[in-house]
Novice: 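If you scroll down you'll find the structure; I have some questions about it.
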Amino acid sequence: MNPSAFNSQKVVVISGAGLSAPSGLPTFRDNNGYWKQYRFEDVASPRAWASQPGVVLEFYNERRTKAASVEPNAGHRAIAELEDRFEVVVVTQNVDDLHERAGSTRVIHLHGELNKARSTSDESLVYELGSRPIALGDLCEKGSQLRPHIVWFGEEVKAIDLAANEVASAGRVLVVGTSLKVYPAAGLCSCAHEYATKFYVDLDAKRQVPDFTVIQGSADVILPDLLKTWTR
Ligand code: APR
């Protein structure tokens, strides 16, 4: 990781599924989360893709349709509005486009994007889907099956070094709506500069994150008030 210069005017937000929960999208590990309905090995792994691609496509087609049917919430909007005052980089584990639809302009999707498909033979071939489904037989320009542009369990998180450098130089780091259970994303907290202001906002009051000020509450309620104090 390059030693990036500390920038007091830079904010990095690290978000997880809990930020999109108030918009109506399920999380993964809460009671009604995806991993309570599915085994991730069956729908979000290279092995599942090899053995039952139709099941995998259906899992993401349903999530893509659902994500297109909801709106960004006040938490997403508060993060987007920070751009009026700070250089803001959003590092999200979420694959929905709610940050972008709320107005955030620099979003790093660590785990991919629901609204994109990519070739199974040439990963540089990425296609915009909007909310359209991917079907077996949908092929890239080279004749290979299209797959969701998602980082599955066991696949490389290619954007992690870029994200770590952004976090390391931020004067303020805000972590919101993530259980911090999945690496390497969860390891980004430890990349924060010692002088950075660090907040962790989550519904779960029990969560403690070393060096972070923990604020318990719902992202769509906490963030507007918290971030307003940053822009006064
Ligand atoms: N406001 C704030 N936090 C919330 C809210 C809310 N309204 N609702 C839920 N949360 C919190 C939960 O307390 C929990 O800490 O959001 C977190 C959701 O955790 P997970 O379901 O584990 O989601 P996430 O951390 O984003 O998962 C990381 O795991 O399965 C993979 O690729 C998947 O990107 C995902 C990664």
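Order of listing sets the numbers, starting from 1, for every ligand and every atom in it.
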Novice: Would one find more than 12 heavy atoms of other residues, nucleotides or ligands at under 6.0 Å from atom CZ of R106?
Specialist: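 Result for CZ/R106: enclosed.
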Novice: Using the salt bridge (Lys or Arg N to Asp or Glu O under 4.0 Å) rule, collect all pairs that involve residues 71-80, keeping only residues at least two apart or in two chains.
Specialist: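 Of all non-adjacent pairs touching residues 71-80, those that pass salt bridge (Lys or Arg N to Asp or Glu O under 4.0 Å) are E71-R101.
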Novice: Identify the two heavy atoms, one from N61 and one from P133, that lie closest to each other, and give their separation to 0.1 Å.
Specialist: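 Nearest pair, atom of N61 first, then P133: OD1-CA, 3.3 Å.
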Novice: Can you give me the closest heavy-atom contact between N94 and A17, atom names plus distance?
Specialist: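 The pair with the smallest heavy-atom distance is OD1-N, 2.9 Å.
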Novice: Using a 4.0 angstrom limit on heavy atoms, which residues are close to ligand 1?
Specialist: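 G16, A17, G18, A21, P22, T27, F28, R29, D30, W35, Q93, H111, F153, G177, T178, S179, V182, D202, L203, D204, R207, G217, S218, A219.
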Novice: Using the ring pair (Phe, Tyr, Trp, His ring centres under 6.0 Å) rule, pick out the option among W49, F40, F59 that qualifies with W152.
Specialist: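 Among W49, F40, F59, the one that satisfies the ring pair (Phe, Tyr, Trp, His ring centres under 6.0 Å) with W152 is W49.
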Novice: Taking the inter-plane angle between the rings of F28 and Y34 on a 0 to 90° scale, is it parallel (under 30°), tilted (30 to 60°) or perpendicular (over 60°)?
Specialist: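 Geometry flag for Y34 against F28: tilted rings.
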